[in-house]
Amino acid sequence: MSIEVGNILPGKVTGITNFGAFIDLGDRKTGLVHISEVSDSYIKDIKDVLTVGDEVQVRVMTVAADGKISLSIRRAVDKPAEETKPQRTYNKPAPTRSSESQGQRKPSFSSNHSKPNFSGSKSSPALAKSDDFDSLMSAFLKDSDDRLTSLKRSTEGKRGGRGGRRS
C-alpha cells in the first residue's frame, strides 16, 4: 500500500523518545507518531503505552517534501459511537428553563425569593453587609494584597532581594 495522507497502515515501533515513537512502515520507510497523537487521553510517559516491537495501526497525517512522515495512532482507530456522542451534546440546543423551574431555584445568598439589588441601595433587609458585592470584593482585594506582601517578603529574604543594594 502506498504512503499517502489519510491512509491507515500497519507498522512496528522501532524507537521511542520522550516526544514520540518511530514507526517502521516497511519498504524502508519510517514515520514519527508524536506523543500527542498516541492516545485521546493525556500521556505523561510514552513508555507506559508503547514499547519497541509493538505492532500498531497508524494513519498518515502528512508527508513532507524532505521525506518526513507524520503519523497518528489515535486517529487510525475508527470510533463511530464515541464520535457521534460529542456531536450530539454540542449540537443539542441549550436547555431553557421555564418560569416554573426558575421559581424552584432558591438563591444561596438570601433567605427570601426576591432578586438581590446590586444598584448600591440595600432595599432588601435579608442581604447582610458581608454579602454585599462591594464588601466581598474589598475583602478579597485586602486578603490578596496581604498574601502577596507576605510572599514577597519571604522570597526576597531567600534571593537576597532582586535589584537591591549589594555590598
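Start at 1 with the first residue, then count along the sequence. Because the structure is a prediction, the values reported are computed rather than measured.
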All N/O donor-acceptor pairs, side-chain side in residues 18-33, below 3.5 Å, sequence neighbours left out:
{"residue": "D24", "atom": "OD1", "partner": "G26", "partner atom": "N", "Å": "3.1"}

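Looking at L9 and V60, their side chains come closer than 4.5 Å, going by heavy atoms from C-beta outward.
Side-chain heavy atoms closer than 4.5 Å link hydrophobic residues (I, L, V, M, F, W, Y) into clusters, and following such links, possibly through other members, connects V56 to I3. Linking Ile, Leu, Val, Met, Phe, Trp and Tyr residues whenever their side-chain heavy atoms come within less than 4.5 Å places L50 and V52 in a single cluster. Both F133 and L141 are members of a single hydrophobic cluster when ILVMFWY side chains are connected at heavy-atom separations under 4.5 Å. The hydrophobic clustering, which links ILVMFWY residues whose side-chain heavy atoms are closer than 4.5 Å, places V13 and M61 apart. The hydrophobic clustering, which links ILVMFWY residues whose side-chain heavy atoms are closer than 4.5 Å, places V49 and L71 together.
Listed by first then second residue, pairs satisfying side-chain hydrogen bond (donor to acceptor under 3.5 Å, both in side chains) with a partner in residues 53-62 read T51-D54, not counting sequence neighbours.
Using a 4.0 Å cut-off between a side-chain N of Lys or Arg and a carboxylate O of Asp or Glu, K44 and D48 do not qualify as a salt bridge.
The main-chain N or O of S36 is found under 3.5 Å from a side-chain atom of R74 such that the two form a donor-acceptor pair. Within the 3.5 Å criterion, the main-chain N or O of F140 finds no donor-acceptor partner in the side chain of S144. Between the side chain of S150 and the backbone N or O of D146, no donor-acceptor pair lies under 3.5 Å.
For the atom pair OG of S39 and CD1 of I46, the computed distance is 10.5 Å after rounding to the nearest 0.5 Å. With rounding to the nearest 0.5 Å, the separation of CG in L148 from NZ in K152 is 6.0 Å. Between D40 atom CG and R75 atom CZ the span is 9.5 Å, to the nearest 0.5 Å. The distance from the NE2 atom of H34 to the OG atom of S72 is 11.5 Å, given to the nearest 0.5 Å.
The heavy-atom pair separating S135 from D132 by the smallest distance is OG-O, 2.9 Å. The nearest pair of heavy atoms linking I16 to K47 is CG2-CG, 3.9 Å.
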Exercise. Let me see the working for I35 and T17 under side chain to side chain contact (heavy atoms under 4.5 Å, CB included), right down to the final yes or no.
Key: CA-CA 9 Å; I35 191 169; T17 64; over 6 Å; no
